[in-house]
There are 2 protein chains.
Amino acid sequence: MRAMEKNVNTENVRAQMRKGVLEYCILLLLAKEDAYASSIITRLKEANMIVVEGTLYPLLIRQKNQGLLQYRWEESPQGPPRKYYAITDKGREQLEEMNNAWQEIVTTIENIKN
Amino acid sequence: MRAMEKNVNTENVRAQMRKGVLEYCILLLLAKEDAYASSIITRLKEANMIVVEGTLYPLLIRQKNQGLLQYRWEESPQGPPRKYYAITDKGREQLEEMNNAWQEIVTTIENIKN
DNA sequence: TTTGGTACTTTGTCTTGCAAGGTATTAGTT
DNA sequence: AACTAATACCTTGCAAGACAAAGTACCAAA
């Protein structure tokens, strides 16, 4: 009972914090190499950053519409073709902003804790 | 033009990241000392964490309804009485969860950057 | 009694995350 | 040829939450 309630709470807490940095994580990943949606989900999961399709697909589309990403189709060794996303120059600019913003947030939290 | 667009973007980026840690910051502040809404806004602003009334009041009420906070009325030297919020035991438990969650997120980002 | 400062609250809009359900492609199996 | 399983991508509907803006209330000084 108690334990269950705690777990639900804990998940909420983590989920909320994750939201704030999701777009940042996408750009971080794509800055290293192009990837398609399913593989992004897998990688984020490995990094403890849970994302589901219904979240990621619209997010990628938003970032593409903002000019931060572009995509190309590539055949898959098995199954339907994959939509490979790549970061654009504008995306890299935004990523730098995000790096700064992230650093600021971390510093701010440290300040509040002090 | 360019500069303006960039500023808007930058603000969005920061705003989104802030959202994820807002509740955390409130609990961090209240764990140190009781405070009323207006003073919380002032302190967060000093720490570069912009919040407005329309955001904070509902948030405090939510946290109170979750049993994380309680409040008492105190007279003000000038103006209407103040609603002083104080963190509860349950709130401190939650705060510990949040400390862990925050540490995890920071680590996760580092991992993705690596 | 009006003005200014302080404080709390609510309403309406917009964005976003996510569960759930849907479509499409390919390869292997029956 | 039909079925199954695996892989991918996409959409819809709901709910939560941030915030601008407007509203209410209290107090003191002019």
Side-chain angles (χ1 to χ4, degrees), chain A residues 8-9 11-27 34-45 49-66 68-86 101 105, chain B residues 8-9 11-27 34-45 49-66 68-86 101 105:
Chain A
V8 171
N9 242 335
E11 241 337 284
N12 283 347
V13 166
R14 278 167 170 67
Q16 199 175 356
M17 287 187 179
R18 276 195 303 258
K19 287 178 194 174
V21 292
L22 226 184
E23 295 197 21
Y24 181 36
C25 290
I26 307 297
L27 289 189
D34 301 355
Y36 59 100
S38 302
S39 70
I40 294 176
I41 290 177
T42 304
R43 274 187 238 173
L44 288 179
K45 226 165 239 160
M49 183 77 66
I50 300 158
V51 199
V52 293
E53 294 185 331
T55 299
L56 185 63
Y57 281 94
L59 197 162
L60 288 172
I61 291 168
R62 279 203 303 278
Q63 290 189 323
K64 187 213 64 182
N65 289 340
Q66 287 170 33
L68 309 179
L69 305 179
Q70 54 188 182
Y71 67 80
R72 64 177 186 280
W73 287 99
E74 263 190 37
E75 303 237 329
S76 161
Q78 230 180 7
R82 295 167 174 172
K83 208 172 183 176
Y84 271 84
Y85 282 90
I105 293 279
Chain B
V8 170
N9 241 336
E11 242 337 286
N12 284 347
V13 166
R14 278 169 170 67
Q16 200 176 356
M17 287 187 180
R18 276 196 304 259
K19 287 179 195 174
V21 292
L22 227 185
E23 296 198 19
Y24 181 37
C25 290
I26 306 296
L27 290 188
D34 301 356
Y36 60 100
S38 302
S39 70
I40 294 177
I41 289 178
T42 304
R43 274 186 239 173
L44 288 179
K45 226 166 240 161
M49 184 77 65
I50 299 159
V51 198
V52 295
E53 294 184 330
T55 300
L56 185 62
Y57 281 93
L59 197 162
L60 288 172
I61 290 168
R62 278 203 304 278
Q63 291 190 321
K64 186 213 63 182
N65 290 341
Q66 287 169 33
L68 309 179
L69 306 179
Q70 54 187 183
Y71 67 80
R72 63 178 186 280
W73 287 100
E74 262 189 38
E75 304 235 328
S76 160
Q78 229 181 5
R82 296 167 174 171
K83 209 171 182 177
Y84 271 84
Y85 283 91
I105 293 280

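All chains are named by letter (A, B, ...) in the order of the sequence lines, taking the proteins before the strands, and each is independently numbered beginning at 1.
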Self-check item: Least distance between heavy atoms, A:Met49 atom then A:Val21 atom
Solution: CE-CG2, 4.1 Å
Quiz prompt | Set of residues satisfying salt bridge (Lys or Arg N to Asp or Glu O under 4.0 Å) with respect to A:Arg18, sequence neighbours excluded | solution = A:Glu11
Please list, for nucleotides 25-30 of chain C, all pairs of protein and nucleotide N/O atoms separated by less than 3.5 Å.
none

List, one per line, each side-chain donor-acceptor pair under 3.5 Å for residues 52-64 of chain A, sequence neighbours excluded.
none

Practice problem: Identify the two heavy atoms, one from B:Leu69 and one from B:Leu27, that lie closest to each other, and give their separation to 0.1 Å. | Solution: CD2-CD2, 3.7 Å
Quiz item: Taking only residues two or more places apart in sequence or in another chain, which ones pass side-chain hydrogen bond (donor to acceptor under 3.5 Å, both in side chains) with B:Glu74?
Solution: B:Arg72
Quiz item: What is the distance, rounded to the nearest whole Å, between atom NZ of A:Lys83 and atom P of C:dA24?
Solution: 15 Å
Quiz prompt | Stretch residues 53-60 of chain B: residues that reach within less than 4.0 Å of DNA chain C through a heavy atom | solution = B:Glu53, B:Gly54, B:Tyr57
Self-check item: Separation of atom CD1 in B:Ile40 from atom P in C:dT6, rounded to whole Å
Solution: 17 Å
Exercise. Have a look at the helix from C:dT1-D:dA30 to C:dT30-D:dA1 and give the angle its two end axes make, five pairs each, rounded to 10 degrees.
Key: 20°
Quiz prompt | Rounded interatomic separation in angstrom, taking OH from B:Tyr71 and C1' from C:dC8 | solution = 11 Å
Quiz item: Which whole-number value in Å describes the distance from B:Glu74 CD to C:dT6 C1'?
Solution: 16 Å
Quiz item: Please give, in whole Å, the distance from C:dT9 P to B:Asn65 CG?
Solution: 12 Å
Quiz prompt | Side-chain heavy-atom pair A:Leu44, A:Leu22 within 4.5 angstrom cut-off | solution = yes
Quiz prompt | For A:Arg14, salt bridge (Lys or Arg N to Asp or Glu O under 4.0 Å) partners two or more places apart | solution = B:Glu104
Quiz item: Mind checking which nucleotides bracket the chain B contacts on DNA chain D, 5' to 3', with an atom under 4.0 Å from a heavy atom?
Solution: D:dG17 to D:dC27
Practice problem: Kindly write out the residues that satisfy side-chain contact (heavy atoms from CB on, under 4.5 Å) with A:Ser39, not counting sequence neighbours, or none if the list is empty. | Solution: A:Ala35, A:Tyr36, A:Arg43
Quiz item: Mind checking what makes side-chain contact (heavy atoms from CB on, under 4.5 Å) contact with A:Lys83, not counting sequence neighbours?
Solution: A:Tyr71, A:Trp73, A:Tyr85
